[in-house]
Amino acid sequence: MFKGNGTNCARIIPNSAVKFFSYEEASKGILYLYRQQSGNEDAQLTPLLRLGAGACAGIIAMSATYPMDMVRGRLTVQTEKSPHQYRGIFHALSTVLREEGPRALYKGWLPSVIGVVPYVGLNFAVYESLKDWLIKRKPLGLVEDSELGVTTRLACGAAAGTIGQTVAYPLDVIRRRMQMVGWKDAASVVTGDGKNKAPIEYNGMVDTFRKTVRYEGFGALYKGLVPNSVKVVPSIAIAFVTYELVKDVLGVELRISD
């Protein structure tokens, strides 16, 4: 149940740090250009511009930590019958690098980047836009002195996580399958004689998508959505709220929504 958890912890620390930092820097740059173009020095980011800033942050963070994500995937699915037995993070990295080459560490990178655009972009855009709407409308007494409570912010984060991961989930499935290329037990298909099974070989993102739908149906693109939601939705909510609370403790004035 905890296979690959060490790799995930080692990956998520720099990934989250780079993602939040990149988002704030991208937001500042996009807001500056938007104000220059519109001629309005008081202009604020629109939901679409927030989506763009979030997409930039997601691409940068994903690319910076992708080899760790690829290794985590292999550690998670390996069994006693797997062709390789990785003993840990660094052994997996060195083995893949030595036997499959540097490019293997970035298998599935393209669908990951494409998927991270709506995923991270929507996370930030929905979270901030929903907070702004609540502060302006003040429904059901959820806002006090122009501030949202922790519970309300958690709800905003949960909504953002739900929308983002549902939209991007099929690309995450494609990414995982591409990462498993070469593993005989990762995925298989019945051969022409109708009795035996042979490993499915994927040749790129489009081929992976086509074969997944062909052999398993469209629903296969959402395999694991429910357990993923159980993990991702509270994770996103807690991450956003913790980030803002820690910035308050450290005395950093600007928040994400600023």
Side-chain angles (χ1 to χ4, degrees), residues 5-36 43-72 89 93 105-106 108-132 135 147-148 150 153-154 156-165 167-168 171-172 175 231-258:
N5 185 53
T7 309
N8 188 53
C9 291
R11 178 192 67 89
I12 203 65
I13 293 173
N15 181 275
S16 295
V18 172
K19 181 169 62 180
F20 279 108
F21 175 77
S22 299
Y23 177 77
E24 294 213 359
E25 293 302 310
S27 296
K28 292 176 185 177
I30 291 174
L31 181 59
Y32 173 78
L33 294 175
Y34 181 56
R35 286 176 174 175
Q36 291 292 317
Q44 298 298 319
L45 289 174
T46 64
L48 185 60
L49 293 177
R50 289 171 178 162
L51 179 65
C56 291
I59 291 172
I60 294 171
M62 170 64 72
S63 299
T65 60
Y66 192 79
M68 298 293 288
D69 187 68
M70 191 270 185
V71 166
R72 178 189 61 156
I89 301 172
L93 281 170
L105 294 175
Y106 284 88
W109 176 83
L110 182 58
S112 298
V113 168
I114 296 175
V116 86
V117 170
Y119 177 59
V120 178
L122 283 171
N123 282 343
F124 279 107
V126 172
Y127 180 73
E128 293 190 52
S129 298
L130 191 54
K131 280 181 56 185
D132 285 350
I135 290 174
E147 282 290 334
L148 296 179
V150 172
R153 281 187 277 177
L154 283 172
C156 292
T162 300
I163 295 172
Q165 72 104 28
V167 171
L171 284 162
D172 190 60
R175 172 183 61 159
K231 173 182 75 78
V232 168
V233 172
S235 174
I236 295 297
I238 293 170
F240 277 123
V241 174
T242 301
Y243 178 71
E244 292 194 335
L245 292 176
V246 170
K247 292 187 75 174
D248 281 344
V249 172
L250 296 177
V252 180
E253 295 182 0
L254 288 178
R255 292 186 178 184
I256 302 174
S257 56
D258 293 330

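- Nearest heavy atoms, V167 versus P118: CG1-CB, 3.9 Å.
- Using a 4.5 Å heavy-atom cutoff, the side chains of R35 and Q44 are in contact.
- For the atom pair CD1 of I236 and CD1 of I163, the computed distance is 12.5 Å after rounding to the nearest 0.5 Å.
- Scanning both residues, Y66 and L105, for their nearest heavy atoms gives CD2-O, 3.3 Å.
- With rounding to the nearest 0.5 Å, the separation of SG in C56 from NZ in K19 is 14.5 Å.
- Counting only heavy atoms from C-beta outward, the side chains of Y119 and L171 never approach each other to under 4.5 Å.
- Classification of the F240-Y127 ring pair by plane angle, with boundaries at 30° and 60°, yields parallel.
- Put simply, CD1 on I59 and OG on S112 are 11.5 Å apart, with the number rounded to the nearest 0.5 Å.
- You'll find the side chain of R175 reaches within 4.5 Å of the side chain of D69, heavy atoms only.
- For the pairing with Y243, the ring-ring contact (aromatic ring centres under 6.0 Å, His included) check across F21, F20, F124 returns one residue only, F20.
- Annotation for S27 and L45: closest pair CB-CD1, 3.9 Å, computed over non-hydrogen atoms.
- Here the side chains of V18 and T65 are not in contact, with every heavy-atom distance at 4.5 Å or above.
- Shown here are the side chain to side chain donor-acceptor pair (under 3.5 Å) partners of S63, two or more places apart in sequence or in another chain: W109.
- L130 approaches A159 most closely through the heavy-atom pair CD2-CB, 4.1 Å.
- In this structure, A10 and I89 approach most closely via the heavy-atom pair CB-CD1, 4.3 Å.
- Here S22 pairs with nothing under the side chain to side chain donor-acceptor pair (under 3.5 Å) rule; sequence neighbours left out.
- The shortest side-chain heavy-atom distance between R153 and L245 falls under the 4.5 Å cut-off.
- When every heavy atom of A237 is checked against every heavy atom of A158, the shortest pair comes out as CB-N, 3.5 Å.
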Checklist entry - Would K28 and E25 satisfy salt bridge (Lys or Arg N to Asp or Glu O under 4.0 Å), going step by step from the backbone distance to the final call? => result CA-CA 5 Å; K28 292 176 185 177; E25 293 302 310; 3.7 Å; yes

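- Note that CG of L122 is 11.5 Å distant from CD of Q165, once rounded to the nearest 0.5 Å.
- The structure places OG1 of T162 at 9.5 Å from CG of N123, a figure rounded to the nearest 0.5 Å.
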Checklist entry - Run the side chain to side chain contact (heavy atoms under 4.5 Å, CB included) check on M68 and L93 step by step: do they pass? => result CA-CA 8 Å; M68 298 293 288; L93 281 170; 4.1 Å; yes

